[in-house]
Colleague: 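The following block contains the structure, expressed as structure tokens.
All heavy atoms count here, side chains included; hydrogens, waters and symmetry mates do not. Convention: sequence-line order gives letters A, B, ...; per-chain numbering from 1.
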There are 2 protein chains.
Amino acid sequence: MRKGEETRTRILDAAEVAVLAKGFGATSIDELIVEIGITKSGFFYHFRDKNELAKALLERYIENDEKIYDEIFGRGRELADDPLQAFLLGLKLLSELLADLPNGHPGCLVATMCTQERAFDREIRELNRQAALMWRRRFGAMFRDIMQAYRPREPLDADQLADMVSTVLEGGIVLSKALKEPKSLPDQLLVFRSFVRLLFQPAAPA
Amino acid sequence: MRKGEETRTRILDAAEVAVLAKGFGATSIDELIVEIGITKSGFFYHFRDKNELAKALLERYIENDEKIYDEIFGRGRELADDPLQAFLLGLKLLSELLADLPNGHPGCLVATMCTQERAFDREIRELNRQAALMWRRRFGAMFRDIMQAYRPREPLDADQLADMVSTVLEGGIVLSKALKEPKSLPDQLLVFRSFVRLLFQPAAPA
DNA sequence: TGCGCTCCTGTACCGCCAGTACAGTTTTCA
DNA sequence: TGAAAACTGTACTGGCGGTACAGGAGCGCA
């Protein structure tokens with residue numbers, strides 16, 4: 001049990017790196033087993049097929065993602081009582097975390113599975129959808145809290161603002177990779193942060 | 001010559017649909033040639049290998065993308081003299097165009113190649129980078145024009161604002177696909193439009 | 001001590017796929 | 001009508017996903 005879990009984790013680790021770098025279709029099982037030093041039979045002992053691997057990969061990724069957001073925006077709430085300040089602080093912390101990744105963001109598995117959606121079954125596409133909905137719920141709740149205390153200068157929907165967080169993150173990752181400029185992602189997040197601050201800023205004093 | 005171009009186009013058309021749906025690695029040449037009714041030899045007459053296909057695909061995609069932006073933001077400038085109004089109008093027109101796609105946005109090839117970057121050679125990654133830089137130049141020029149006439153309420157960089165257009169488009173496509181909500185993409189673009197309007201809105205009257 | 005379970009290895013095989021090689025054939029257009 | 005363009009046909013290679021099993025090493029427990 002102990003040993004089996006460890007091997008499984010090593011497969012997932014190697015697969016995640018490869019899938020984020022080359023895409024799922026271009027990631028071969030043969031290459032993974034060579035890398036981690038097991039046989040093909042060993043691989044299929046842990047995963048029925050490649051689709052099972054994709055599912056396990058995505059589940060683990062989403063779980064970890066949620067944990068990171070919990071920590072970062074939890075810290076934001078610890079350091080600031082005001083919901084707007086807490087959120088802005090969270091965005092700042094997230095931007096710093098992304099800026100500190102030495103080789104830039106490795107990529108988002110949710111995005112990877114979206115850009116190759118027909119390569120996966122219904123179950124995986126549903127997992128992907130649930131992840132995006134969780135992001136919406138998380139940030140939507142924050143924006144609703146903020147709106148209790150601040151009146152937005154434009155009548156924007158809390159869920160659409162929440163989606164904007166995911167949009168900027170996913171889009172920033174793509175742009176960063178296309179440009180080969182790791183700094184673009186944290187920068188874009190800070191631009192979005194400025195927008196949020198502007199949106200809830202009280203009208204200029206008379 | 002005429003005929004050859006037509007076949008080549010048919011290959012590219014079929015390949016683009018398949019690559020956007022399943023990713024490049026999961027798109028097989030065998031499947032493409034069956035779909036368009038040629039032989040494998042016929043395919044390799046037009047493209048030396050799969051990488052040549054990818055390059056041609058990306059080149060055509062970027063060219064077409066530029067043409068669409070030229071048209072839409074050109075129309076914006078025709079209908080409004082003011083650079084801010086012209087840009088806001090362009091975003092509106094773009095949002096409407098995206099909202100009218102019956103099955104949602106098919107996906108962006110630049111994003112596809114980013115999320116599978118290691119599957120492609122240096123030349124293709126450079127093409128991708130140039131595309132992102134072209135977007136930056138295009139929208140950066142528009143923001144600089146706007147800044148000649150309007151003072152932003154936050155000191156934001158024109159190039160970073162320009163990148164935000166690409167970010168929102170790429171991120172919106174990913175989110176739309178993940179959520180299976182085609183409307184998310186045009187909606188996100190309109191949220192961004194509100195932000196831009198807010199940014200250049202004169203300070204609230206005293 | 002040995003039984004059974006987990007966690008693999010080894011071997012052999014199938015059909016799909018990218019790519020090569022090249023000879024031959026049809027189509028197109030000047 | 002003839003040369004070039006645009007293919008087809010055939011045969012092959014090696015990698016890959018996946019299947020099918022048979023067997024074995026190490027470990028916990030009665």
Colleague: I want to verify a distance call: between dG18(D), dA18(C), dC7(D), whose nearest atom is closest to the His46(B) side chain?
Modeller: dC7(D)
Colleague: Walk me through it: do Ser176(B) and Glu181(B) pass the test side chain to side chain donor-acceptor pair (under 3.5 Å)?
Modeller: CA-CA 5 Å; Ser176(B) 251; Glu181(B) 293 177 7; over 6 Å; no
Colleague: Roughly, in whole Å, what's the span from CD1 in Ile11(B) to C1' in dA6(D)?
Modeller: 11 Å
Colleague: Would you kindly give the CZ-to-C1' distance between Phe47(B) and dT20(C), to the nearest whole Å?
Modeller: 18 Å
Colleague: In terms of side-chain heavy atoms of Ser28(A), which of dG17(D), dT8(D), dG10(C) is nearest?
Modeller: dG17(D)
Colleague: Can you tell me whether the side chain of Lys40(A) and the base of dG17(D) have a donor-acceptor pair closer than 3.5 Å?
Modeller: yes
Colleague: Start at the 5' end of DNA chain D and walk down; is the nucleotide closest to Glu31(A) or to Phe44(A) reached first?
Modeller: Glu31(A)
Colleague: I need the single residue from Tyr45(A), Phe44(A), Phe43(A) that forms a ring-ring contact (aromatic ring centres under 6.0 Å, His included) with Phe47(A). Which is it?
Modeller: Phe43(A)
Colleague: Strictly below 4.0 Å: does Tyr45(B) bring a side-chain N or O up to OP1 or OP2 of dA6(D)?
Modeller: yes
Colleague: Give the rounded distance in Å between these two atoms: CD of Glu5(A) and C1' of dC8(C).
Modeller: 15 Å
Colleague: If I take atom CZ in residue Phe43(A) and atom P in nucleotide dC16(D), what distance separates them, rounded to the nearest angstrom?
Modeller: 13 Å
Colleague: Can you check the Arg48(A) CZ to dT19(D) P distance for me, whole Å?
Modeller: 9 Å
Colleague: Report the nucleotide, chosen from dC16(D), dT9(C), dA18(C), that has the shortest atom-to-atom distance to any side-chain atom of Asp30(B).
Modeller: dA18(C)
Colleague: Say whether, by atom type as modelled, one donor and one acceptor occur between the side chain of Glu154(B) and the main chain of Leu199(B) under 3.5 angstrom.
Modeller: no
Colleague: Over how many whole Å does the gap from Ile29(A) atom CD1 to dG18(D) atom C1' extend?
Modeller: 8 Å
Colleague: Going from CG on Leu88(B) to CZ on Phe200(B), what distance comes out if it is rounded to the nearest 0.5 angstrom?
Modeller: 9.0 Å
Colleague: For the side chain of Ser41(A), counting heavy atoms from C-beta on, which of dC21(D), dG19(C), dC17(C) is nearest?
Modeller: dC21(D)
Colleague: From C-beta outward on Ile38(A), which listed nucleotide comes closest to its side chain: dG18(D), dG19(C), dT9(C)?
Modeller: dT9(C)
Colleague: Can you measure Asp49(B) atom CG to dA18(C) atom P for me and round it to whole angstrom units?
Modeller: 12 Å
Colleague: Return yes when atom CZ of Arg75(B) has more than 12 non-hydrogen atoms of other residues, nucleotides or ligands closer than 6.0 Å, and no otherwise.
Modeller: no
Colleague: Report the distance from atom CZ of Arg8(B) to atom P of dT28(C), rounded to the nearest whole Å.
Modeller: 19 Å
